[in-house]
Amino acid sequence: MRWTQTYIPTLREVPSEAELISHQYLLRGGYIRKLAAGVYIYLPLMQRVIEKFSRIVREEMNRAGAIEITMPVLHPAEVWQLSGRYNTVGKEQMRLKDRHEHELVLGGTHEEIVTYLLKGELKSYKQLPINLYQIQVKFRDEIRPRFGLMRGREFIMKDAYTFDADEKSFDVSYQKMVDAYFAIFKRAGLDTRKVESDTGAMGGKAAHEFMLIVDTEGGEQNLVFCDRCEYAANMEKATFREANPPALESELHPVKEVDTPQASTIEEVTALLKVEAKRLVKTLIYLGDGKPVAALIRGDRGLNLTKLKNHLGVNELEMAPPSIVEKITKCPVGFAGPIGLPNIPIIVDNEISRLRNFITGANKFEKHLINVNLGRDFKATAVADIVEAQAGEKCPLCEGYLTIKRGIEVGNTFMLGTKYSASMGAFFLDAEGNEKPFIMGSYGIGITRTPQAAIEKYHDSKGIIWPKNIAPYLVEIVPVNYEKEEHKKAAEHIYKELVNNDVDCLLDDRLDRAGVKFNDADLIGIPVRITIGEKSLKQRRVEIKYRGSDNVELVELDGVVAVVRKLLSQVN
RNA sequence: CGGGGUGUAGCGCAGCCCGGUCAGCGCGCCGCGUUUGGGACGCGGAUGUCGGAGGUUCGAAUCCUCUCACCCCGACCA
């Protein structure tokens with residue numbers, strides 16, 4: 001392709017809407033333009049990236065035995081009512097009415113549709129297992145779209161759905177998708193980690209996420225890894241064992257009220273009473289589906305909202321506003337404690353059951369209680385793991401220690417069980433003639449977000465450094481003086497050679513100055529750049545360099561294809 | 001939805017407080033010329049319902065009211 005014949009509107013300045021470097025480069029490099037909040041136009045370069053990544057996804061999905069279909073984006077609300085999710089997905093679901101006042105939704109995912117498809121059609125265990133997938137636009141009315149393609153309201157996703165007759169067969173199907181995912185991301189030049197994740201609104205028994213580890217702002221999630229074994233989980237899901245548990249005191253001392261003037265935060269109280277934060281117990285008041293509940297965790301821990309939410313079995317969990325806290329504790333915020341609370345559930349973190357003579361708020365202004373003990377002084381409604389994992393704690397599985405890294409989710413896999421098949425009445429007959437619901441799995445890959453994640457990981461101060469297999473072009477030819485006849489001839493010669501050898505190639509045939517072309521080339525990030533300039537051309541040579549390094553190789557005009565091939569084979 | 005902020009030329013912004021040569025700057029764009037290996041220079045030029053509606057006023061980009069869009073923080077995230 002010639003630069004002047006396609007459309008690559010690069011920008012010199014950073015559009016004010018972009019925060020992340022990857023988002024900035026997508027805009028500046030002429031890959032995308034915003035149409036509305038979270039809604040983007042994919043320009044020619046982006047179109048090619050999508051095409052390249054989609055091809056890898058298709059090839060690996062097909063290899064794994066999945067079958068491609070295309071399901072509609074527009075769904076009748078009734079199908080969503082069948083699974084019951086119509087009432088639980090909430091405002092994320094785009095809804096509309098047609099001219100007949102018929103309720104429709106725009107699909108944010110397709111479990112219902114694919115289950116509806118197979119319900120009634122697929123009747124025998126002999127037809128199982130089956131894996132159907134599509135690459136399709138999705139709509140989610142995100143509460144706050146941001147970061148360009150990373151969290152849009154409209155985006156492209158590959159979603160696959162497996163149907164199995166029994167757990168054993170399902171395990172095989174699931175593993176096939178896991179293997180396919182690793183193969184896909186590897187081919188795309190992206191080293192991903194599989195982590196355990198919460199199942200969230202999808203339901204089902206377990207789930208994993210495929211994460212690209214990054215060290216920039218773009219990391220959307222904290223991930224917990226063991227430094228010794230394979231344990232990996234996202235923050236919502238991660239568990240741990242304490243590396244340095246406080247010594248268990250043998251004697252229980254009597255509770256005593258102490259003055260803690262102007263000390264309501266953990267820092268202030270520990271400083272005042274000269275104790276470690278791990279001897280303090282925080283009493284946090286939350287509202288679970290509107291009803292107050294107290295959560296007790298150690299002073300040095302953070303509450304894991306997802307764990308508490310799952311434990312309580314509520315849909316919504318939010319910190320209680322000060323007015324409610326004050327009503328419940330009958331004192332200003334900052335001095336809440338478990339003793340003397342009205343009749344509300346008290347959920348106590350596991351660690352506290354191993355703590356004696358600890359310190360809590362007294363439910364009195366500027367007072368705390370010392371030597372408080374669980375069981376003797378107050379009762380727990382439940383004891384559970386409700387805190388966030390922290391770096392330096394021990395792995396739940398082995399003797400290793402946990403580290404925390406930032407990652408971007410590029411794929412996910414869900415073990416759905418029979419949640420959708422059972423609720424929607426999608427049954428088959430097994431070998432004994434019994435009617436059974438399908439055992440399902442669902443598997444997503446963000447087609448538009450993955451390239452942005454790749455940019456977040458692979459870039460420098462000048463622009464993108466694409467992994468070759470998802471780059472819009474493999475080679476960019478930059479004739480420094482395209483208007484000079486010899487330069488033009490050489491450029492056209494190389495262009496033709498590469499195209500004839502099926503190397504995706506972009507020829508910068510603009511009449512701009514060299515600096516403009518070099519800067520644009522760095523910005524859009526094509527892996528190989530071939531520069532045609534005065535000095536080298538006199539020796540019938542051109543310069544070849546990889547975007548990710550400064551090494552320049554001088555190559556004979558006729559030897560370009562071979563050198564390009566070799567260079568490409570050596571880079572990510 | 002709560003808190004904060006921004007809408008002025010394709011992009012980045014100034015002007016707003018204190019109403020009156022304030023319709024401006026840089027980049028980009030068009031023309032001519034010079035230049036030509038890391039975002040050139042000169043000369044000439046085009047481009048705006050100042051987000052929208054209403055109001056105050058002799059007069060509004062500027063003050064007031066309403067409204068829409070977008071951005072940031074939080075809640076949320078199949």
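A, B, ... follow the sequence lines: proteins, then strands. Residue 1 opens every chain. Only this structure's heavy atoms are used, side chains among them; waters, hydrogens and symmetry mates stay out. Predicted model, so just to flag it, every value in this text is computed and none were measured.
Pairing partner, B/rA61: none, since no Watson-Crick or wobble contact has both distances short of 3.5 Å. With a cut-off of 3.5 Å on both Watson-Crick or G-U wobble distances, the partner of B/rG37 is given as none. A 3.5 Å limit on both hydrogen-bonding distances identifies no Watson-Crick or G-U partner for B/rC50. Taking a pair to require two hydrogen-bonding distances under 3.5 Å in either a Watson-Crick or a G-U wobble arrangement, B/rC1 pairs with B/rG74. Of all nucleotides present, only B/rC30 satisfies the Watson-Crick or G-U wobble test against B/rG44, with each distance under 3.5 Å. A 3.5 Å limit on both hydrogen-bonding distances identifies B/rC13 as the Watson-Crick or G-U partner of B/rG24. B/rU6 is paired with B/rA69 under the criterion used here, namely a Watson-Crick or G-U wobble arrangement in which both key atom distances are under 3.5 Å.
In this structure, A/Met319 atom CE and B/rG74 atom C1' are separated by 12 Å, rounded to whole Å. Rounded to whole Å, atom C1' of B/rC11 lies 14 Å from atom CG of A/Leu523. Per the geometry, OH belonging to A/Tyr286 stands 9 Å off P belonging to B/rC76, to the nearest Å. Between the CG atom of A/Asp141 and the C1' atom of B/rA78 there is a distance of 14 Å, rounded to whole Å. Spacing between atom CG of A/Asn310 and atom P of B/rC77 amounts to 11 Å, rounded to whole angstrom units. Look at CG on A/Asp550: it is 15 Å from P on B/rG38, rounded to the nearest Å. For A/Met440 and B/rA78, the CE to C1' distance is 13 Å, given to the nearest whole Å. As rounded to whole Å, 18 Å separates atom P of B/rG39 from atom CD1 of A/Ile524.
Contacts of A/Thr413 with the nucleic acid, taken as non-hydrogen atoms under 4.0 Å apart, are absent. Among the heavy atoms of the strands, none lies under 4.0 Å from A/Arg449. Nucleic acid contact for A/Glu92: base, since at least one base atom lies under 4.0 Å from a heavy atom of the residue. Using a 4.0 Å heavy-atom cutoff across all strands shown, A/Val478 reaches no nucleic acid atom at all. No engagement by A/Leu511 is indicated, since no non-hydrogen atom pair under 4.0 Å with the nucleic acid exists. Counting any heavy atom pair closer than 4.0 Å across all strands shown, A/Asp159 reaches no nucleic acid atom. Within the 4.0 angstrom heavy-atom criterion, no nucleotide atom of any strand lies near A/Glu111.
The side chain of A/Val480 has B/rG37 as its nearest neighbour among B/rG37, B/rC72, B/rA78. Here B/rG37 is the nucleotide among B/rG39, B/rG37, B/rC71 with the atom lying nearest to any side-chain atom of A/Ala514. When the nucleotides B/rC77, B/rG38, B/rG28 are ranked by their closest atom to the side chain of A/Phe518, B/rG38 comes out on top. Set against B/rC27, B/rA78, B/rC72, the side chain of A/Arg12 has B/rC27 as its closest nucleotide. The side chain of A/Pro15 sits closest to B/rC11 out of B/rA40, B/rC11, B/rC77.
Under 3.5 Å, the side chain of A/Asn481 and the base of B/rG37 form no donor-acceptor pair of N or O atoms. If you check distances only, the side chain of A/Glu13 never reaches the base of B/rG28 with a donor-acceptor pair under 3.5 Å. Under 3.5 Å, the side chain of A/Glu543 and the base of B/rG37 form at least one donor-acceptor pair of N or O atoms. Side chain A/Arg28 to base B/rG12: no donor-acceptor pair is found below 3.5 Å.
Annotation: B/rA53 and B/rA61 have their C1' atoms spaced 16 Å apart (nearest Å). The same atom, C1', is picked in B/rC66 and in B/rU56; the two are 15 Å apart, to the nearest Å. With C1' as the reference atom, B/rG54 and B/rG15 are 24 Å apart, rounded to whole Å. If you take atom C1' in B/rC25 and the same atom in B/rU47, they sit 15 Å apart, rounded to whole Å. Comparing B/rG24 with B/rA69, their C1' atoms are spaced 25 Å from each other, to the whole Å. Going from the C1' atom of B/rC13 to that of B/rC1 covers 32 Å, rounded to whole Å. Atom name C1', nucleotides B/rU65 and B/rU57: the rounded distance is 16 Å, in whole Å. B/rG42 and B/rU35 have their P atoms separated by 15 Å, given to the nearest Å.
Taking the six-membered ring for Trp and the full ring otherwise, the centers of A/Phe182 and A/Phe210 sit less than 6.0 Å from each other.
Neither OP1 nor OP2 of B/rA78 sits under 4.0 Å from any side-chain N or O of A/Arg85. At B/rA40, one or more side-chain N or O atoms of A/Arg513 fall inside 4.0 Å of OP1 or OP2 (strictly under the cut-off). Within the 4.0 Å cut-off from OP1 or OP2 of B/rC73, at least one side-chain nitrogen or oxygen of A/Arg144 is found. Note on A/Ser16: a side-chain N or O is less than 4.0 Å away from OP1 or OP2 of B/rC13. Residue A/Arg146 places none of its side-chain N or O atoms closer than 4.0 Å to OP1 or OP2 of B/rC72. At least one side-chain nitrogen or oxygen of A/Lys34 sits closer than 4.0 Å to the OP1 or OP2 atom of B/rC71.
Comparing A/Asp512 and A/Ala36 by the nucleotide of RNA chain B whose heavy atom lies nearest to each, the residue mapping closer to the 5' end is A/Asp512. When each of A/Ile532 and A/Ile143 is assigned the nucleotide of RNA chain B bearing its nearest heavy atom, the one mapping closer to the 5' terminus is A/Ile532.
Between A/Glu556 and A/Arg540, no side-chain nitrogen of the basic residue sits less than 4.0 Å from a carboxylate oxygen of the acidic one, so the salt-bridge criterion is not met. Ion pairing between A/Lys517 and A/Asp512 fails under the 4.0 Å rule for side-chain N and carboxylate O. A salt bridge is absent between A/Asp460 and A/Lys462; no separation between the charged side-chain nitrogens and carboxylate oxygens falls under 4.0 Å. Under the 4.0 Å criterion applied to side-chain N and carboxylate O atoms, A/Arg2 and A/Glu492 are assigned as salt-bridge partners.
Here the side chain of A/Ser423 pairs a donor or acceptor atom with the backbone of A/Tyr420 at under 3.5 angstrom. For the pair A/Trp466 (side chain) and A/Ile524 (backbone), a donor-acceptor distance under 3.5 Å is present.
Judged by distance alone, the side chains of A/Gln134 and A/His110 do bring a donor and an acceptor atom under 3.5 Å apart. Using modelled atom types and a 3.5 Å distance limit, the side chains of A/Gln24 and A/Glu19 yield no donor-acceptor pair.
Judged by the 6.0 Å distance and 45° axis criteria, A/Arg449 is not positioned over the aromatic ring of A/Phe147.
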